[in-house]
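Inspection log for the structure reproduced underneath, given as structure tokens.
Note that ligands are numbered from 1 as they come in the structure, with each ligand's atoms numbered from 1 the same way.
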Amino acid sequence: MGVTPSYRRLWEKEALFDRAEEARQRLEACDLCAHECGVNRLAGAKGFCRADDAIEISSYGPHFGEEDVLVGSRGSGTIFLTGCNLKCVFCQNYDISHLRDGYEVSLERFAEIMIDLQDRGCHNINLVTPTHFLPQILSALDLACAAGLSVPLVWNCGGYESAAALRLLDGVVDIYMPDVKFGDSSVAARLTGARGYWEAAQRALLEMHRQVGDLRVDSSGIAYRGLLVRHLVLPRNLAGTEAVLRFIAEEISPNTYVNIMDQYHPAYEARFHPPLDRRITRQEYSEALRIAREVGLTRLA
Ligand code: SF4
């Protein structure tokens with residue numbers, strides 16, 4: 001067994017339950033992401049993400065398609081949550097995120113799933129698009145701790161987390177994995193419906209890095225704590241790649257572990273939004289890598 005995850009220390013101090021309760025209270029005027037809708041989800045109202053106080057998942061299991069530092073030999077214990085606080089017109093998982101193809105689970109069941117993934121040997125619990133379910137996840141985590149959960153928690157999110165959400169996650173999350181989608185808020189607003197995306201993402205990155213630092217791996221090459229940033233290159237530089245990578249190198253750390261992704265394909269409504277109606281070219285991807293090296297990033301996945 002590796003390093004003790006942060007959340008276990010919180011649980012041993014009997015503080016995780018209180019943290020979950022505090023998070024749940026925020027649902028009365030939800031500000032868990034930078035939309036800050038202010039709706040009362042406990043009373044059944046729904047904001048931009050359309051989630052109320054229940055938690056829904058689409059699927060779970062050991063996943064081998066993530067970064068090597070998460071997958072190792074036994075897989076990343078991935079739980080896909082339904083819905084999203086961003087509405088990207090090109091969403092690569094739109095059936096889960098937009099169509100909310102999934103089912104409700106109890107907190108007890110969610111905790112059992114985490115334990116099951118650990119029992120199957122997964123190196124971590126990888127929560128995909130978790131932010132709008134933050135209170136429910138903390139409650140389930142409290143239950144899972146009692147059942148012996150002890151692998152790192154990966155917060156696999158969209159970078160649009162609010163200050164309130166990140167404060168609640170401080171000391172809970174070991175590995176933050178934001179997918180930083182845009183380096184220009186006007187482009188982000190047009191393609192996701194999120195206002196001030198880039199400013200929110202910059203604040204979130206700074207806070208995530210303050211909490212967990214650069215990504216650290218054990219002697220087997222498996223990540224156990226730190227920041228891992230994803231960035232999907234989009235056609236005709238719609239992702240604002242240079243702004244994103246330069247900010248990471250200069251304001252976060254040149255040792256930030258960054259996965260510059262090349263797998264963009266036109267999905268969901270992308271065909272109505274050229275140039276998103278095509279894949280990226282080899283030249284566009286090479287240019288992103290060149291920028292990463294130019295700005296001084298040293299750890300590219
Ligand atoms: S999680 Fe974000 S999008 Fe969903 S209701 Fe709360 S503030 Fe709005």
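Among residue pairs with one or both ends in residues 252-276, those qualifying as ring-ring contact (aromatic ring centres under 6.0 Å, His included) are F90-Y264, Y94-Y268, H98-Y268; sequence neighbours excluded.
With no hydrogens or angles considered, no side-chain donor-acceptor pair links S162 and R203 at under 3.5 Å. Side-chain contact check for E284 and N237: no donor-acceptor pair (N or O, by modelled atom type) lies under 3.5 Å. Using modelled atom types, one finds no donor on one side chain facing an acceptor on the other under 3.5 Å when comparing T131 with N85. With no hydrogens or angles considered, a side-chain donor-acceptor pair links Q211 and E207 at under 3.5 Å.
Of all protein N/O/S atoms, those under 2.8 Å from atom 2 (Fe) of ligand 1 are C33 SG, and waters are not counted.
For atom 1 (S) of ligand 1, the nearest non-hydrogen atom from the set K46, R41, K87 belongs to R41.
At a threshold of 4.5 Å between non-hydrogen side-chain atoms, the residues L168 and E22 count as touching.
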